[in-house]
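Down below is the structure, laid out as structure tokens.
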Amino acid sequence: MKDAVAALFEKALDQLVEEGIIQVTDRKPVKIENTRDPAHGDLATNIAMLHAKSAQMAARAIAELIIDKLPPSEMIRHAEIAGPGFINLYLAQKITFEPVISCLKHNKKYGNHGGTNERIQIEYVSANPTGPLHVGHGRGAAYGATLVNLLNARGHDVEAEYYVNDAGRQMDILAVSVFLRYLENAGQCISFPTAGYRGDYITDLGNRLLQNSSISPQITFNELLQNVIADTEETKDAHIDGLIKNTKHCLGEEWRQPFNLALAAILSDIKSDLSEFGATFDQWFSEKSLVESGEVDAVIATLEDRGHLYEKAGALWFKSTNFGDDKDRVIRKDNGETTYFTSDIAYIANKLTRGFNRIIYIWGSDHHGYIVRIKAAAQALGFNPERLTIRLVQFANLYKDGERLQMSTRSGSFVTLRALRAEIGRDACRYFYVMRKADQHLDFDLSLATSQSKDNPVYYVQYAHARICRVFESIDETPFDQTRGINHLTDLTTQEELDLATTIGLFPEVVKRAADGLEAHLVCYYLQDLAADFHRWYNGNRLLVETLEVRDARLALAKAVQIVIRNGLALLGVSAPRSM
RNA sequence: GUCCCGGUAGCUCAGUAGGAUAGAGCGGCCGCCUCCUAAGCGGCAGGUCACAGGUUCGAUUCCUGUUCGGGACACCA
């Protein structure tokens, strides 16, 4: 519709130039904007001001000429010059209600856009499977899941993926932690390493290992301590590495039992947690599979062939400084092990050859230093780094009773996502997590969120939906006739009704902007605006009036609001309750 | 030291492809239920958009500098 209006202005401008009335050396495209203030009409354009300079005329004079040449259209009721040279447009009332009709027609698809043929992969959460998800992961999950919905609504072909870090040292630490709890459960006296994982879930896993495994229990903790440096603050890493080495040696093939048990149990917990949270994935990609398939070695060879590697101090380095990084990065340590970064390079290579036009990563903001690095790797492998988009999510700070809660997976004193959901519910969780810009700190006040008070904006939006449902339930005798309602929409003349229709019309644009800019929070603000428009209208006007034409027109408008709220909340993964 | 993110109402925050009188929620004050859910609505008060330059017809928005706050900078994952 805006495009059609813009075309009218282009035509008028063309004519003025053609007739030589104005000379424009720097022609700019016409932009039609929504007005912020109803006093400025429905739409506005600054086209006259943009050309004032090159035409060497006053903006208001140009505006006058343009309005003069504007081709007649039934869309525009009135055009006027305002302020320094804006042209404000008042739409025909019929046009104002067009979005309502469109919304009723498309229903669940209202707000969606046509297919773009763009294949996008989005990777999110990807937390190490070393423990349950905590509230910090929750934000990435909520943000990523909402983006998946938004990008789908935008018409892209989206694939969501979780990268499982099931290889590497952290997993070894996990396995040895479980094994030590196993020994402890078996009655041995152990001293648990400082660098081990300490949560209760580790003890539970140790217990399960004891009950289900076929590990021969002769191994003693003292054996594992052979030649291992003492566990002090300075040597805790070397200490646990020694324990890992000895445990692997003592257990041999059986090492896989604590390892696999822990991985399977924790991953399955993460999967169900995310699923209950409404965060879905098309693919769970294993880091281990990259190692086992030889892709890690292959990518090292490729980098070697391309001349991006060198050796120094016994380690193999990637010359990432050639691609803007501020220092080179180790690919293979002097002890022969590859680093997590090496796997990441193999992973990005794998992703980039799977046919996606665009690859989106959602990372915790503490990873911001890796952006340059991963793009450098992509570039070194011959790919265009522009295909990668990396979005950082600031961790959420959790507050309770005005006090900030400390979180640490290692110490076990963290608050899990599961616990958070249990306390405040999925809806409030999902909404709160994304209502702030992702790269901003989020203070998550548990006391406030658990209070279930009206301060919670999610209730405000849901309440509007529930109210509309109740209205429809209260219809007596003559049922709602949508066609009759649509035919009489122009009977609705109050400012509240016109505002609502206009706001409904903004929804597809909001979806587009939010998807294109990866800004999920826009949906929250939009829904709060829409709900506010509705509550204002509802409060001052009775919907179920005697005159059926007016009643059904109002019901048609209310139904459109209901559809948009439902669709908008669905994007956020929040339910639209029929009653509250 | 280098690099990110930010500084907008008492508080928490929206708002930039540059536009008109800068918005919302909460908190404060004053009102509104014989009526489809008052988990709601209306009104009032509250601002040198951190500071200083620059670009522009026009800057909260873009550029530069300053300042303050948060974070990141491993042969860790």
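In what follows, chains carry the letters A, B, and so on, assigned in the order in which the sequence lines appear, proteins first and then strands, with residues in each chain numbered from 1. Since the structure is predicted, the reported quantities are computational estimates derived from the model, not experimental observations.
Candidate nucleotides B/G19, B/C76, B/C41 were compared by shortest atom distance to the side chain of A/Gln170, and B/C76 ranks first. Between B/A39, B/C57, B/C36, one nucleotide has an atom nearer to the side chain of A/Lys53 than all others, and that is B/C57. The nucleotide whose nearest atom lies closest to any side-chain atom of A/Leu50 is, among B/G40, B/G19, B/A39, B/G19. When distances are taken from the side chain of A/His441 to each of B/G19, B/C41, B/G70, the shortest belongs to B/G70. Comparing B/A72, B/A20, B/G15 by their nearest atom to the side chain of A/His368 picks out B/A72. Taking every side-chain heavy atom of A/Lys327 into account, B/A74 is the closest of B/G40, B/G19, B/A74. Of all nucleotides listed (B/A20, B/C41, B/C36), B/C41 comes nearest to the side chain of A/His535.
Within 4.0 Å (heavy atoms only), A/Ala52 reaches no atom of the nucleic acid at all. Residue A/Asp326 is classed as having no contact, given no heavy-atom separation below 4.0 Å to the nucleic acid. Residue contacts for A/Ala313: at a heavy-atom cut-off of 4.0 Å it reaches a base atom on one of the strands shown. At the heavy-atom level, A/Ala59 lies nowhere under 4.0 Å from the strands shown. Residue A/Phe472 is classed as having no contact, given no heavy-atom separation below 4.0 Å to the nucleic acid. Base engagement by A/Asn541 is indicated by at least one non-hydrogen atom pair under 4.0 Å involving a base atom. Among the heavy atoms of the strands lying under 4.0 Å from A/Arg542 is at least one base atom, whether or not backbone atoms are also near. Within the nucleic acid shown, A/Ala464 has no heavy atom closer than 4.0 Å to any nucleic acid atom.
Evaluation of atom-type donor-acceptor distances gives no pair under 3.5 Å for the side chain of A/Asp366 against the base of B/G71. A donor-acceptor contact under 3.5 Å links the side chain of A/Asn88 to the base of B/A20.
For the pair A/Tyr538 OH and B/C32 C1', the interatomic distance rounds to 15 Å; values are reported in whole Å. Put simply, NE2 on A/His367 is 18 Å from P on B/C5, counting in whole angstrom units. In this structure, CG of A/Asp529 is placed 11 Å from C1' of B/G25, rounded to the nearest angstrom. Look at CD1 on A/Ile371: it is 15 Å from C1' on B/U2, rounded to the nearest Å. Going from atom CG of A/Asp344 over to atom P of B/C76 covers 14 Å, rounded to whole Å. Spacing between atom CD of A/Gln528 and atom P of B/C26 amounts to 10 Å, rounded to whole angstrom units. Between the CG atom of A/Asp325 and the P atom of B/C73 there is a distance of 13 Å, given to the nearest Å. The distance from atom CD1 of A/Ile81 to atom P of B/G19 is 21 Å, rounded to the nearest whole Å.
In this structure, the side chain of A/His308 does not engage the main chain of A/Asn322 through any donor-acceptor pair within 3.5 Å.
Between A/Arg169 and A/Asp172 there is no salt bridge, since no side-chain N of the basic residue sits under 4.0 Å from a carboxylate O of the acidic one. In this structure, A/Arg329 pairs ionically with A/Asp326, as a charged nitrogen and a carboxylate oxygen lie closer than 4.0 Å. Between A/Arg332 and A/Glu311, no side-chain nitrogen of the basic residue sits less than 4.0 Å from a carboxylate oxygen of the acidic one, so the salt-bridge criterion is not met. The pair A/Glu509-A/Lys2 meets the salt-bridge criterion, since a charged nitrogen lies less than 4.0 angstrom from a carboxylate oxygen.
For B/C32, the paired nucleotide is B/G40, the pair qualifying as Watson-Crick or G-U wobble because both relevant distances are below 3.5 Å. Remark: B/U66 base-pairs with B/A50; criterion is Watson-Crick or G-U wobble with both hydrogen-bond distances under 3.5 Å. Pairing of B/G27, defined by two Watson-Crick or G-U wobble distances under 3.5 Å, is not identified with any nucleotide. In this entry B/C3 has B/G71 as its Watson-Crick or G-U wobble partner, both defining distances falling under 3.5 Å. Using Watson-Crick or G-U wobble geometry with both donor-acceptor distances under 3.5 Å, B/G19 finds its partner in B/C57.
Checking the phosphate oxygens (OP1, OP2) of B/C76, a side-chain nitrogen or oxygen of A/Lys333 falls inside 4.0 Å. Neither OP1 nor OP2 of B/U12 sits under 4.0 Å from any side-chain N or O of A/Arg436. Phosphate contact (OP1/OP2 of B/C76, side-chain N/O of A/Lys236, threshold under 4.0 Å): absent. Proximity of A/Lys437 to the phosphate of B/G15: a side-chain N or O atom is located under 4.0 Å from OP1 or OP2. Using a 4.0 Å cut-off, no side-chain N or O of A/Tyr459 falls inside it from OP1 or OP2 of B/A38. OP1 or OP2 of B/G15 lies within a sub-4.0 Å distance of a side-chain N or O belonging to A/His521. Proximity of A/Arg554 to the phosphate of B/C36: no side-chain N or O atom is located under 4.0 Å from OP1 or OP2. The phosphate of B/A14 has OP1 or OP2 within less than 4.0 Å of a side-chain N or O from A/Gln440.
To the nearest whole angstrom, the two P atoms, one in B/G25 and one in B/C68, are 35 Å apart. Rounded to whole Å, the separation between the P atoms of B/C51 and B/A22 comes to 16 Å. Distance noted for atom C1' between B/C30 and B/G46: 16 Å (whole Å). A gap of 15 Å separates the P atoms of B/A24 and B/A20, to the nearest Å. For the C1' atom pair drawn from B/G27 and B/C36, the interatomic distance equals 31 Å after rounding to whole Å. Between the P atoms of B/G70 and B/U12, the separation comes to 14 Å (whole Å). For the C1' atom pair drawn from B/A72 and B/C26, the interatomic distance equals 33 Å after rounding to whole Å. B/A59 and B/G19 have their P atoms separated by 11 Å, with the value rounded to a whole Å.
A/His40 qualifies as a stacking partner of the B/A20 base, centre to centre under 5.5 Å and near-parallel within 30°. Stacking between A/Tyr525 and B/A14 is absent: the ring centroid is not both under 5.5 Å from the six-membered base ring centre and under 30° in plane angle.
Glycosidic conformation, B/C33: syn, with the torsion inside 90° of 0.
No option in A/Phe341, A/Tyr310, A/Trp317 other than A/Phe341 meets the side chain to side chain contact (heavy atoms under 4.5 Å, CB included) test with A/Ile331.
Mapping A/Arg513 and A/Pro84 onto RNA chain B via the closest heavy atom, the residue that lands nearer the 5' end is A/Arg513.
Heavy-atom contacts from other residues, nucleotides or ligands closer than 6.0 Å to CZ of A/Arg513 number 12 or fewer.
A/Phe534 and A/Trp537 have perpendicular rings, their planes meeting at more than 60° on a 0 to 90° scale where under 30° would count as parallel. Note on ring orientation: taking the six-membered ring where Trp is involved, the planes of A/Trp363 and A/His367 are tilted (angle from 30° to 60°). Under the 30°/60° scheme for interplanar angles, the aromatic rings of A/Tyr361 and A/Tyr347 are found to stand perpendicular.
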